[in-house]
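Computed from heavy atoms alone, side chains included, the values below leave out hydrogens, waters and symmetry copies. Just so you know, these numbers come straight off a predicted model, no measurement behind them.
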Amino acid sequence: MQFFKDISHIFFPNICLTCKATLANNEQVICTYCIYDLPTTNFTKTKSDVIIKIFYGRITLENATSLLYFKKKSLVQTLIHSLKYQNKEEVGKFLGEWLGEEMKQSNSYNTIDFIVPVPLHIERFKSRGYNQLTEFGLALSSALKTNFNASNLLKQTPNKTQTKKGRIDRIINSKELFYLNNIDTFENKHILLVDDIITTGATIEACCTELLKSKNIKISIAVMAITV
């Protein structure tokens, strides 16, 4: 089997998604050189409250972390763009395994009951064919040895892309977009809500507002990247 994999690698080599160099057999998604160039936040290791401060006065969070910093025209943007628009779901798994290893070593996330992805509306899901957060969430679920639930928090109305919207427009655009299929499922549970990028936090706030309808719920957040 390894022989055929090696032959396949010769004729169809895996390419780094950022610099386009051929990946070595022990490399995934991006090459080692590009990994070292990624701007990691170290939020999990330092127990930073940067994200929690974003939501002060809006929602109460137990803990929050981000793996990377996000800037336009950066390696991180290339990775996440590949994940969302080029069917590169392996990016989500790669980032989830990376962040999951960090979170596994932190006592802040050892009481998580469910990992919940920010949902896509069914129309967006059908057009894209997948939720870009599924593999990310499943990797975190595996690392933290907890449950992945993508069926209870749902999106009820489609909205246009948030990419070019300002902060106020994003907040307005995110209101009342989400609903709980069963309000009791998350009762007395600690939820880890996952998303790809935090910008204004409007989408996450809207999700948390709906999640908080469950009694005695605790919410933490984990994202791939946060804008700087």
Side-chain angles (χ1 to χ4, degrees), residues 43-44 47-67 70 80 84 92 96 99 103 108-109 111-125 128 131-134 136-138 140-141 144 146-227:
F43 285 174
T44 312
K47 297 184 179 180
S48 169
D49 63 352
V50 168
I51 297 176
I52 291 178
K53 286 181 178 179
I54 293 174
F55 295 98
Y56 276 166
R58 297 159 69 181
I59 52 176
T60 300
L61 300 173
E62 297 296 309
N63 298 288
T65 190
S66 171
L67 179 64
F70 178 92
I80 295 181
K84 295 178 70 171
L99 182 57
M103 295 175 71
S108 299
Y109 301 95
T111 63
I112 300 296
D113 296 297
F114 288 104
I115 292 177
V116 177
V118 169
L120 287 180
H121 186 266
I122 187 64
E123 291 180 8
R124 180 65 62 83
F125 183 86
R128 183 175 295 172
N131 184 334
Q132 74 274 12
L133 300 173
T134 297
F136 180 67
L138 286 171
L140 292 177
S141 173
L144 299 177
T146 191
N147 303 293
F148 179 77
N149 186 310
S151 62
N152 197 35
L153 179 65
L154 302 173
K155 194 168 188 179
Q156 61 184 351
T157 55
N159 62 320
K160 297 179 180 180
T161 179
Q162 302 261 55
T163 305
K164 297 182 179 180
K165 293 180 179 293
R167 182 177 184 276
I168 300 301
D169 287 336
R170 284 174 184 257
I171 293 172
I172 294 172
N173 197 44
S174 296
K175 283 187 176 180
E176 298 182 355
L177 289 177
F178 306 98
Y179 71 97
L180 285 172
N181 189 40
N182 186 333
I183 200 169
D184 297 325
T185 300
F186 296 149
E187 184 175 338
N188 300 314
K189 303 300 183 183
H190 185 179
I191 304 302
L192 181 68
L193 182 66
V194 299
D195 202 0
D196 47 20
I197 305 171
I198 289 181
T199 48
T200 64
T203 298
I204 285 178
E205 181 180 359
C207 286
C208 289
T209 298
E210 185 63 23
L211 287 170
L212 287 167
K213 292 179 181 179
S214 295
K215 294 180 181 179
N216 197 33
I217 192 176
K218 296 180 180 179
I219 303 175
S220 292
I221 290 172
V223 298
M224 300 175 190
I226 182 173
T227 54

Under the side-chain contact (heavy atoms from CB on, under 4.5 Å) test, residues paired with [X] that sit two or more places apart:
X: S48; result: F43, T46, V50
X: S151; result: N149
X: S108; result: K47, N63, S106
X: L138; result: T134, E135, F148

Qualifying residues under side chain to side chain donor-acceptor pair (under 3.5 Å), relative to [X], sequence neighbours excluded:
X: S66; value: none
X: S141; value: none
X: N216; value: N188
X: T227; value: none

Which residues satisfy the salt bridge (charged side-chain N to carboxylate O under 4.0 Å, His left out) test with K215, sequence neighbours excluded? none

Which residues pass the salt bridge (charged side-chain N to carboxylate O under 4.0 Å, His left out) test with D196, sequence neighbours left out? K84

Keeping S214 on the side-chain end and D184 on the backbone end, is there a donor-acceptor pair under 3.5 Å? no

Taking V118's backbone N and O only, do any of them form a donor-acceptor pair with N131's side chain (distance below 3.5 Å, no angle check)? yes

For F186, enumerate each residue passing the ring-ring contact (aromatic ring centres under 6.0 Å, His included) test, keeping only those at least two apart in sequence or located in another chain. F114

Measuring only between side-chain heavy atoms, which start at C-beta, is I204 closer than 4.5 Å to I54? no

In Å, rounded to the nearest 0.5 Å, how long is the span from CG of L177 to OG1 of T209? 11.0 Å

Report the distance from atom CG of L144 to atom CG of L192, rounding to the nearest 0.5 Å. 7.0 Å

Applying salt bridge (Lys or Arg N to Asp or Glu O under 4.0 Å) as the test, list every pair that has at least one member in residues 185-194; sequence neighbours left out. none

